Colleague: 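Below is one structure. I have some questions about it.
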Number of protein chains: 2
Amino acid sequence: MPPHLTDDVLELMAGKFRMLSDPTRLAILRCLMAGERNVGQVVAETGRGQANVSKHLRMLADAGLIRRRKAGLQVYYAIADPLIEKLCHLVCDTIQADLSREVERKQAMLSEWRIADRG
Amino acid sequence: MPPHLTDDVLELMAGKFRMLSDPTRLAILRCLMAGERNVGQVVAETGRGQANVSKHLRMLADAGLIRRRKAGLQVYYAIADPLIEKLCHLVCDTIQADLSREVERKQAMLSEWRIADRG
DNA sequence: CAACTATATAACTAACCAGTGGAATAGTCA
DNA sequence: TGACTATTCCACTGGTTAGTTATATAGTTG
């Protein structure tokens, strides 16, 4: 990254992250990571409303994260940007680390309790 | 990633990304990537309002992305999660790719124009 | 203690966005 | 053409949050 990022570049970056900042969109992306799906399949697999899914698919497509392929009555979507998976994996790693730390902290608290109890 | 992510895990992931989905927060993080800074320095370097910066710093600290160190009258902040830089670099890469593609597309359009003009 | 500085908080406004239901569009099959 | 299905668009509601101004807290220095 350059030393000073102008506001418009920051806005571009923020926009990318914003696309990934919604659970429904992440669920959709997770679904598409398994392979190309049509809207009905995504609706079924994510358990979200159809209009809702359609709207999010449009946002993701407009942002260039997924691509659209029309086949007869169905519309198929697929991951277009391979970086998405990398980003999600990194975030999953940090969350796992967070959870590990939390477990350790609680275990330490319990240990101290036992020591204090004994003393 | 496991095949099916529960909604609470998706919400955790979305929350991480949401922290990075604001230009002001990105500007702050970019500033801290150069090293530890106190609030005044961050305000000066980002050009944002003091209350605004303070609020975002708190959000970032609460989310565990940065850490807080009080020294007398000043409060110093620093990056706590090294993954942030990786995420930002990845996103910068995708943006650069997007821009390259856009330039190529425009250049292609201009080329076609010249060909059509000649024909 | 009083004046001063750095940082944090409170209250408020405006904008944005997720979700929903219903109407509209487009493709398919009889 | 008419019934049917998959998908998209529209209008609305409620909740979230960014930014601002003014105020409060905490540490420092005289």
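A quick note: this is a predicted structure, and the numbers were derived from the prediction, not measured. Throughout, a chain's letter reflects where its sequence line sits, starting with A, and its residues are numbered from 1.
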Colleague: What's the closest nucleotide to the side chain of B/L73 if the choices are D/dG19, D/dT7, D/dG27?
Modeller: D/dG27
Colleague: Between A/S54 and D/dC9, does any side-chain N or O lie under 4.0 Å from OP1 or OP2?
Modeller: no
Colleague: Counting distance only, does the side-chain N/O of B/S21 pair as donor-acceptor with the main-chain N or O of B/R18 below 3.5 Å?
Modeller: yes
Colleague: Atom CZ of B/R58 to atom P of D/dT17: distance rounded to whole Å?
Modeller: 14 Å
Colleague: Please report, rounded to the nearest Å, how far the P atom of C/dG19 is from the CG atom of B/L10.
Modeller: 12 Å
Colleague: Specify the separation, in whole Å, of atom CZ of A/R37 and atom P of D/dT7.
Modeller: 14 Å
Colleague: On DNA chain C, does the nearest nucleotide to A/A71 precede the nearest nucleotide to B/V39 from the 5' side, or the other way round? Give the residue.
Modeller: B/V39
Colleague: Of the nucleotides C/dG19, D/dT7, C/dT7, which has the atom closest to the A/D22 side chain?
Modeller: C/dG19
Colleague: Any idea which of D/dG19, D/dT5, D/dT7 is nearest the B/K55 side chain?
Modeller: D/dG19
Colleague: Atom CG of A/L20 to atom P of C/dA18: distance rounded to whole Å?
Modeller: 12 Å
Colleague: The side chain of A/N38 is closest to which nucleotide in this list: D/dT8, C/dA8, D/dT7?
Modeller: D/dT7
Colleague: In whole angstroms, how far is the C1' atom of C/dA18 from the CZ atom of A/R18?
Modeller: 14 Å
Colleague: At under 4.0 Å, does any side-chain N or O of A/R68 touch on OP1 or OP2 of D/dT7?
Modeller: no
Colleague: Within a strict 4.5 Å, meaning less than it, do heavy atoms of the A/F17 and B/M19 side chains meet?
Modeller: no
Colleague: Base, sugar-phosphate alone, or nothing: which one does B/Y76 contact when heavy atoms must sit under 4.0 Å apart?
Modeller: nothing
Colleague: Please determine whether residues A/V42 and A/L73 belong to a single hydrophobic cluster, defined as Ile, Leu, Val, Met, Phe, Trp and Tyr linked transitively by side-chain heavy-atom distances below 4.5 Å.
Modeller: no
Colleague: If the cut-off is 4.0 Å, is B/Y77 near the phosphate of C/dA6, judged by side-chain N/O to OP1 or OP2?
Modeller: no
Colleague: Do A/H89 and A/D93 have side-chain atoms, one donor and one acceptor, less than 3.5 Å apart?
Modeller: no
Colleague: Rounded off to whole Å, could you give me the CZ-to-C1' distance for the B/F17 and D/dT16 pair?
Modeller: 20 Å
Colleague: Please determine, for the side chain of A/N52, which listed nucleotide (C/dG19, C/dA26, C/dT7) has the closest atom?
Modeller: C/dG19
Colleague: D/dT21, D/dT7, C/dA18: which one has an atom nearest the side-chain heavy atoms of B/A51?
Modeller: D/dT21
Colleague: Would the base of C/dA6 count as contacting B/Q50 through its side chain, where contact means a donor and an acceptor less than 3.5 Å apart?
Modeller: no
Colleague: Give the rounded distance in Å between these two atoms: NE2 of A/H56 and P of D/dC9.
Modeller: 15 Å
Colleague: Using only heavy-atom distances, decide whether a donor-acceptor pair under 3.5 angstrom links the side-chain of A/K70 to the base of C/dG27.
Modeller: no
Colleague: Would you indicate whether the side-chain heavy atoms of A/R67 and A/Y77 approach each other to under 4.5 Å?
Modeller: no
Colleague: Atom CG of A/D62 and atom C1' of C/dC17: how far apart are they, to the nearest Å?
Modeller: 15 Å
Colleague: Within a strict 4.5 Å, meaning less than it, do heavy atoms of the A/T46 and A/T24 side chains meet?
Modeller: no
